[in-house]
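See structure below.
All ligand and atom numbering here is 1-based and tracks the order in the structure. Bear in mind that the values here come from a model prediction, so they are computed numbers and not experimental data.
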Amino acid sequence: MNAPTPVEEAGFAPASRIARIDVSEIVRIGARAQALKREGEPIIILGAGEPDFDTPDFVKQGAVDAIMAGDTKYTALDGTPALKQAIQAKFARENNVDYALDEITVATGAKQILFNAMMASLNAGDEVVIPTPYWTSYSDIVQIAEGVPVLVTCTAEAGFRLKAEQLEQAITPKTKWVLLNSPSNPSGAAYSEADYRPLLDVLLRHPQVMLLVDDMYEHITYDDFRFVTPAAIEPRLKNRTLTVNGVSKAYAMTGWRIGYAGGPKALIKAMAVVQSQATSCPSSVSQAASVAALNGDQSFLQERKASFQRRRDLVVAGLNVIEGITCRVPEGAFYTFSSCAGLLGRKTADGRTIATDSDFCNYLLTDAHVAVVPGSAFGLSPFFRISYATSEAELTEALSRIAGACEALT
Ligand SMILES: Cc1ncc(COP(=O)(O)O)c(C=O)c1O
């Protein structure tokens with residue numbers, strides 16, 4: 001049994017729907033790293049899931065203009081008409097998918113979109129297929145909504161991608177959703193049209209299953225990878241697909257908290273019911289900024305993408321020369337997900353054994369002063385995730401420290 005939480009000790013027992021869920025390991029590691037930094041330790045934090053770039057000025061200006069124009073009141077429940085129109089145009093322009101305005105919803109981050117979708121659709125015991133490694137919130141949100149996460153391991157050898165046979169096997173009469181995320185947090189793996197096709201064929205054979213695709217990192221892809229979204233590839237699935245996206249990563253707007261989705265009208269309506277009793281509406285000012293982001297000049301995205309690609313190349317090369325670490329080249333996002341299997345069983349200079357990826361990440365934090373997140377936080381061990389959304393100078397220093405720490409293991 002888990003040790004009682006401080007609230008339990010104080011006489012409070014959490015509801016069963018959240019009892020098995022803890023504050024995410026990513027948040028815990030981040031807090032520990034920040035605390036060490038405050039104590040003066042020279043910590044490099046490679047844990048954050050946000051771009052280090054600033055929100056573009058033209059987006060900030062959109063917010064300032066909205067404030068001065070008095071757009072500071074409650075808005076329509078699930079998005080202003082102006083933002084829904086901007087999203088509609090974005091889906092048509094960039095994704096080749098047409099959504100009517102009542103098939104579009106806006107929430108306080110893509111995280112709330114996921115939350116609204118699960119709360120609106122899951123009955124207790126409904127199953128949700130989640131390819132693993134997965135973004136931690138997927139399984140936690142499903143559990144809060146009293147669903148059952150069905151975790152399907154996608155190996156590094158399979159490019160961390162779900163295979164059609166695995167999907168077929170995972171589907172049962174209780175399956176309500178399949179959650180796909182491309183490019184992926186944490187693996188950076190992405191599905192091309194050819195990768196998606198067999199999965200969509202499986203879904204065509206199971207009409208009770210809905211598909212949620214999380215396209216959050218669509219603008220951060222590398223080399224000649226061509227991003228596609230399933231609703232465009234397979235129009236026959238469009239009426240049971242929720243296409244999730246947001247401004248957080250592409251426009252460096254994590255703090256503005258705007259996410260959105262296109263999907264079947266009945267689902268969108270049910271999601272609005274959840275939102276109406278949770279937050280009433282997303283922030284009016286952030287919605288205005290998002291209109292500016294989506295309707296504005298998109299050329300800066302290419303520069304940022306090029307900068308992320310340089311960092312990806314630096315990190316992948318730097319990791320793969322370290323004996324005991326293997327890093328697959330990710331197609332997108334700003335994460336590497338590397339195996340540390342070759343280091344397990346080794347000992348630190350002061351005699352601690354590195355038995356798990358968590359041990360390895362703890363060792364990197366305490367001895368190399370580099371904060372990274374163990375694969376266990378994403379459901380797959382022994383791996384570790386690096387977020388390379390930081391300067392090349394800091395990445396170079398972090399890689400040299402990691403290499404030194406690994407060499408020191410015996
Ligand atoms: C895969 C993925 N989806 C969704 C989100 C949520 O983004 P937001 O709530 O900031 O829109 C994140 C954030 O880390 C993510 O990594």
Side-chain angles (χ1 to χ4, degrees), residues 23-27 29-30 45-53 55 59 78-79 83 87 90 104-119 128 130-142 144 149 154 160-162 177-191 211-221 227 229 242-262 271 274-275 278-279 282-283 286-287 289-290 293-294 308 330-337 373 377-380 385-389:
V23 174
S24 104
E25 201 166 348
I26 309 176
V27 173
I29 291 168
I45 301 179
L46 304 181
E50 60 185 354
D52 55 329
F53 300 117
T55 304
V59 176
D78 65 351
L83 182 50
I87 292 165
K90 179 260 180 253
I104 290 172
T105 184
V106 183
T108 303
K111 190 179 267 184
Q112 196 189 8
I113 293 280
L114 291 160
F115 189 83
N116 290 349
M118 294 304 126
M119 290 298 280
V128 179
I130 304 177
T132 303
Y134 56 84
W135 182 45
T136 327
S137 295
Y138 291 165
S139 87
D140 289 351
I141 290 173
V142 166
I144 290 177
C154 304
F160 296 119
R161 283 184 284 258
L162 183 68
W177 288 97
V178 177
L179 306 191
L180 297 179
N181 171 214
S182 166
S184 150
N185 174 8
S187 72
Y191 291 81
L211 172 63
L212 185 151
V213 290
D214 180 342
D215 293 347
M216 179 54 76
Y217 295 92
E218 98 170 271
H219 287 296
I220 308 172
T221 60
F227 177 86
T229 198
L242 187 68
T243 305
V244 178
N245 212 318
V247 294
S248 285
K249 315 287 170 167
Y251 301 95
M253 292 177 69
T254 47
W256 298 77
R257 311 305 307 125
I258 295 292
Y260 58 86
M271 287 168 65
V274 178
Q275 177 149 299
T279 55
S283 149
S286 297
Q287 288 189 75
S290 301
L294 293 172
F308 277 130
E331 289 88 15
F334 39 70
Y335 310 103
T336 56
F337 198 66
V373 186
F378 310 100
L380 193 67
R385 186 192 78 170
I386 282 182
S387 162
Y388 52 84

Can you find a non-hydrogen atom of A110 under 4.0 Å from ligand 1?
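For ligand 1, residue contact (heavy atoms, under 4.0 Å) with A110 is present.
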Answer with yes or no whether G246 contacts ligand 1, where contact means a heavy atom under 4.0 Å from a ligand atom.
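G246 does not count as a contact of ligand 1 under the 4.0 Å cut-off.
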Numbering the atoms of ligand 1 from 1, which are under 4.0 Å from a heavy atom of [X]?
X: K111; result: 6 (C), 9 (O)
X: R257; result: 8 (P), 9 (O), 10 (O)
X: N181; result: 1 (C)

Ligand 1 N/O within reach of S248 N/O, cut-off under 3.5 Å
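Such a contact does occur with ligand 1.
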Closest non-hydrogen protein atom to [atom], residue and atom name please, with distance?
atom: atom 6 (C) of ligand 1; result: W135 CH2, 3.5 Å
atom: atom 7 (O) of ligand 1; result: M216 CE, 3.5 Å
atom: atom 3 (N) of ligand 1; result: D214 OD2, 2.5 Å

Name the option, out of K249, M253, E50, that contains the heavy atom nearest to atom 14 (O) of ligand 1.
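Nearest option to atom 14 (O) of ligand 1, by heavy atoms: K249.
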Checking [X] side chain against [Y] main chain: does a donor-acceptor pair fall under 3.5 Å?
X: Y191; Y: L162; answer: yes
X: R161; Y: C154; answer: no
X: E331; Y: A190; answer: yes
X: S184; Y: A189; answer: no

Considering non-hydrogen atoms only, spot the tightest contact between A333 and G188 and give its length.
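Minimum heavy-atom separation between A333 and G188: CB-CA, 4.3 Å.
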Quick check: closest heavy atoms across V106 and P282, and the distance to 0.1 Å?
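Closest pair (atom of V106, atom of P282, distance): O-CG, 3.6 Å.
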Atom CD in E218, atom NZ in K249: separation rounded to 0.5 Å?
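Rounded to the nearest 0.5 Å, the CD-NZ separation comes to 14.0 Å.
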